[in-house]
Amino acid sequence: MIMANRIRSNEIAILLQIAGESYEKRAWHGTNLRGSIRGVTAKQASWRPSKHRHSLWEVVVHCAYWKYAVRRRLLGEQKGSFPLKGSNWFRRPVQMTERAWREDIKLLEETHRSLWNAIASLKTSDLKKKPSGSKWTNLQTISGVASHDLYHAGQIQLLKRLLKQNS
């Protein structure tokens, strides 16, 4: 990870703080994305509230995908390097094992670290730029992916409560 003293500007530092708080750092808003899955088993993660709804596991992989997509946009990379085939939503679990669940959590962790490093590598002037084909600036995109983490953290908290009620 790039050290904080190498961060180029206050704006970038603030975005890194927001990205960190929405994913894993302690924050006033309560549970973040990483905290929402702490202690969750593969069986719990695979539960879905109804046949056509996403499982908590699928939400985790969906978040990993969007961290990848944002990093790719920020750095101007081509599509196609996400380790899973497809985009956006991925049917999970492929294998109902604790190992498979931990591997998908690791994927989330790796995509978060990669995104964090991409944000840290930006210059303040990059924040106003719109990636090719995007309606949104880099600033809006980074802010959006942090909001996306928190939205899904809340969704996961609700899924866990529903699971308890249905157990």
Side-chain angles (χ1 to χ4, degrees), residues 1-40 45 54-92 94 99-157:
M1 205 180 295
I2 296 173
M3 299 304 291
N5 61 357
R6 292 182 55 202
I7 296 168
R8 298 173 187 242
S9 71
N10 286 338
E11 293 88 347
I12 301 297
I14 290 167
L15 289 171
L16 289 169
Q17 180 177 338
I18 291 167
E21 288 177 0
S22 66
Y23 179 68
E24 67 184 346
K25 304 279 188 231
R26 193 164 185 257
W28 74 268
H29 54 69
T31 307
N32 53 40
L33 184 59
R34 192 68 177 87
S36 72
I37 59 172
R38 189 172 292 116
V40 172
H54 293 294
S55 69
L56 180 161
W57 195 329
E58 290 168 336
V59 171
V60 165
V61 177
H62 167 78
C63 289
Y65 175 79
W66 281 102
K67 288 174 178 292
Y68 148 81
V70 168
R71 187 208 79 235
R72 184 180 49 74
R73 289 176 187 174
L74 293 174
L75 299 179
E77 297 173 350
Q78 296 296 312
K79 293 180 181 179
S81 61
F82 192 67
L84 304 176
K85 194 172 186 116
S87 63
N88 201 16
W89 290 103
F90 301 82
R91 187 79 172 167
R92 294 318 233 205
V94 173
R99 181 178 178 169
W101 170 230
R102 284 191 309 274
E103 285 175 7
D104 282 341
I105 292 172
K106 183 180 175 191
L107 175 63
L108 177 66
E109 182 72 22
E110 289 169 351
T111 56
H112 178 75
R113 295 286 162 240
S114 182
L115 173 62
W116 198 95
N117 286 327
I119 296 167
S121 74
L122 297 175
K123 297 179 223 138
T124 303
S125 59
D126 294 329
L127 297 176
K128 294 178 184 173
K129 294 178 182 173
K130 288 184 184 177
S132 179
S134 179
K135 298 185 283 187
W136 309 104
T137 65
N138 287 332
L139 174 61
Q140 291 168 315
T141 303
I142 295 165
S143 175
V145 78
S147 297
H148 186 254
D149 276 0
L150 290 176
Y151 169 82
H152 285 300
Q155 184 182 31
I156 289 169
Q157 293 295 85

Exercise for review: Carefully, step by step, assess Lys135 and Lys130 under the rule side-chain contact (heavy atoms from CB on, under 4.5 Å).
Suggested key: CA-CA 7 Å; Lys135 298 185 283 187; Lys130 288 184 184 177; 5.7 Å; no

Review point. Do the non-hydrogen side-chain atoms of Tyr68 and Ser81 ever get within less than 4.5 Å of each other?
Key: yes

Review point. What pair of heavy atoms forms the shortest contact from Ile119 to Ala19, and how long is it?
Key: CD1-CB, 4.3 Å

Check your understanding: Do Ser22 side-chain atoms and Ile18 backbone N/O form a donor-acceptor pair below 3.5 Å?
Key -> yes

Check your understanding: Is there side-chain contact between Lys67 and Ser114, with heavy atoms separated by less than 4.5 Å?
Key -> no

Review point. Just by distance, do the side chain of Asp149 and the backbone of Leu33 share a donor-acceptor pair under 3.5 Å?
Key: no

Point to revise | Distance, nearest 0.5 Å, that separates CG of Asn138 from OG1 of Thr124 | key: 12.0 Å

Point to revise | Nearest heavy atoms of Lys85 and Phe90, plus distance in Å | key: O-CE2, 3.3 Å

Practice item. Apply side-chain contact (heavy atoms from CB on, under 4.5 Å) to Ile156 and Val60, showing your working. Key: CA-CA 9 Å; Ile156 289 169; Val60 165; 4.2 Å; yes

Revision key, fill the gap. Heavy-atom nearest pair, Asn32 first then His29, reads CB-CE1, 4.3 Å

Practice item. Report yes if the side chains of Ile12 and Leu127 come closer than 4.5 Å at any heavy-atom pair, otherwise no. Key: yes

Point to revise | salt bridge (Lys or Arg N to Asp or Glu O under 4.0 Å) involving Lys25 - partner list, sequence neighbours excluded | key: none

Point to revise | Closest heavy-atom pair and its distance - Lys129, Ser125 | key: CG-O, 3.8 Å

Could you list the donor-acceptor pairs under 3.5 angstrom formed by side chains in residues 100-110, with sequence neighbours left out?
{"unit_1": "Trp101", "atom_1": "NE1", "unit_2": "Val40", "atom_2": "O", "d": "2.8"}
{"unit_1": "Glu103", "atom_1": "OE2", "unit_2": "Arg99", "atom_2": "NE", "d": "3.1"}
{"unit_1": "Asp104", "atom_1": "OD1", "unit_2": "Arg92", "atom_2": "NH2", "d": "3.2"}
{"unit_1": "Asp104", "atom_1": "OD2", "unit_2": "Trp57", "atom_2": "NE1", "d": "2.6"}
{"unit_1": "Asp104", "atom_1": "OD2", "unit_2": "Arg92", "atom_2": "NE", "d": "2.8"}
{"unit_1": "Asp104", "atom_1": "OD2", "unit_2": "Arg92", "atom_2": "NH2", "d": "3.3"}
{"unit_1": "Glu109", "atom_1": "OE1", "unit_2": "Tyr23", "atom_2": "OH", "d": "2.8"}
{"unit_1": "Glu109", "atom_1": "OE2", "unit_2": "Arg113", "atom_2": "NE", "d": "3.0"}
{"unit_1": "Glu109", "atom_1": "OE2", "unit_2": "Arg113", "atom_2": "NH2", "d": "2.7"}

Review point. Given side chains that start at C-beta, do those of Ser87 and Tyr65 come closer than 4.5 Å, heavy atoms only?
Key: yes

**Study point:** Non-hydrogen side-chain atoms of Leu74 and Leu115 separated by less than 4.5 Å
**Key:** yes

Revision key, fill the gap. Note: Ser36 and Thr31 closest approach over all heavy atoms is N-CG2, 3.3 Å

**Study point:** Non-hydrogen atoms of Phe82 and Val61 that approach each other most closely
**Key:** CZ-O, 4.4 Å

**Study point:** Within-4.5 Å side-chain heavy-atom neighbours: His62 and His54
**Key:** no

Point to revise | Ile37 vs Val59 side-chain heavy atoms within contact, under 4.5 Å | key: no

